[in-house]
Amino acid sequence: MRLDPDVRLDHGWISSRLPHQGRMCLLDEVVHWDLQRICCRSASHRAADHPLRAHGRLSGACGIEYAAQAMAVHGALLAGPADGLPRAGYLASVRGVLIGTRRLDEVRADLVCIAKRIAGDQDTVVYDFVLCEQRQDAVETPRLLSGRASIVLHAPPRPGKP
């Protein structure tokens, strides 16, 4: 389960484990992770050429993609170095989403995404997630986005089934 301590879990490491490439790989680094939780940081929301911008703006709802990528990275970490890559999956649903900002591109601080695995088996995983601003002080930062996501993992076809 443990990674080499000299391996930095930075943007390069993350992009080597996600299908999202180039600018679409939104996370800059894994700050912390364990078996149940991951915390990632990103500054990509301030980029003028952000791939999810529409009409020059980055909607607060785009935070769901940051959370989904954090969940995928967590899956890669749980797969371990022997397997290398997580099983492919897709975001099946989000529920209870609360959006606390209209625009992510107006957030000056880096984004911090925390995803906590609350249930899962071989075929599905459920995470609670929170996106907030990185703060240097001890003041609690307001949530930019929070919710729950269900991920369906692609299972290999069963014998005799299409």
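Numbers here simply count residues along the sequence, with the first being 1.
- The residue from L52, L104, L145 that alone fulfils the side-chain contact (heavy atoms from CB on, under 4.5 Å) condition with Y66 is L104.
- Taking 4.0 Å as the cut-off between side-chain N and carboxylate O, R23 and D49 count as a salt-bridged pair.
- Nearest heavy atom pair, residue A115 against residue M71, reads CB-CG, 4.0 Å.
- Environment of CZ in R57: sparse, with no more than 12 heavy atoms of neighbouring residues, nucleotides or ligands closer than 6.0 Å.
- For E133, there are no salt bridge (Lys or Arg N to Asp or Glu O under 4.0 Å) partners two or more places apart in sequence or in a different chain.
- The cluster map of Ile, Leu, Val, Met, Phe, Trp and Tyr, joined by side-chain heavy atoms under 4.5 Å apart, puts I118 and L35 in different clusters.
- Atoms CG and CD, from L58 and E65 in turn, are 11.0 Å apart once rounded to the nearest 0.5 Å.
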Test log, rule side chain to side chain contact (heavy atoms under 4.5 Å, CB included), inputs R46 and D105: CA-CA 5 Å; R46 295 188 299 263; D105 57 309; over 6 Å; no
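- Rounded to the nearest 0.5 Å, atoms CD (E106) and CG (L144) are 11.5 Å apart.
- Closest approach of R17 and A76 over heavy atoms only: CB-CB, 4.0 Å.
- A pairwise comparison of heavy atoms in C40 and V30 identifies SG-CG2, 4.2 Å as the closest pair.
- For the atom pair OG of S15 and CD of Q69, the computed distance is 10.5 Å after rounding to the nearest 0.5 Å.
- Looking at I114 and D128, their side chains never come closer than 4.5 Å, going by heavy atoms from C-beta outward.
- Using a 4.5 Å cut-off on side-chain heavy atoms (C-beta onward), V152 and D123 make no contact.
- Linking Ile, Leu, Val, Met, Phe, Trp and Tyr whenever their side-chain heavy atoms come within less than 4.5 Å leaves V126 and W33 in two separate clusters.
- No side-chain heavy atom of L153 sits less than 4.5 Å from a side-chain heavy atom of Y90.
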Candidate pair T124 and I151, rule side chain to side chain contact (heavy atoms under 4.5 Å, CB included), full reasoning: CA-CA 6 Å; T124 61; I151 312 299; over 6 Å; no
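- If you take OG1 on T101 and CZ on R143, they are separated by 15.0 Å, rounding to the nearest 0.5 Å.
- Side-chain contact between V112 and V130 is absent, with no heavy atoms from C-beta onward closer than 4.5 Å.
- Around the CZ atom of R102, the shell of radius 6.0 Å holds no more than 12 heavy atoms that belong to other residues, nucleotides or ligands.
- Listed here is the closest heavy atom pair of H50 and L26: NE2-CD2, 3.5 Å.
- The distance from the SG atom of C62 to the CZ atom of R53 is 10.0 Å, given to the nearest 0.5 Å.
- A distance of 8.5 Å separates CD in Q134 from SG in C39, rounded to the nearest 0.5 Å.
- The two residues R148 and F129 make their nearest non-hydrogen contact at N-CE2, 3.5 Å.
- Contacts of H45 classified as ring-ring contact (aromatic ring centres under 6.0 Å, His included), with partners at least two apart in sequence or in another chain: none.
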CA sep, side-chain torsions, deciding dist, call: L131, S146, side chain to side chain contact (heavy atoms under 4.5 Å, CB included): CA-CA 6 Å; L131 187 69; S146 63; over 6 Å; no
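- When all heavy atoms are compared, the tightest approach of I38 to A70 is CG2-O, 3.6 Å.
- Sorted by first and then second residue, the salt bridge (charged side-chain N to carboxylate O under 4.0 Å, His left out) pairs with a member in residues 36-45 read D28-R41, E29-R41, R41-D110; sequence neighbours excluded.
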Chi angles and distances behind the side chain to side chain contact (heavy atoms under 4.5 Å, CB included) call for R117, L78: CA-CA 11 Å; R117 183 181 169 134; L78 294 178; 3.7 Å; yes
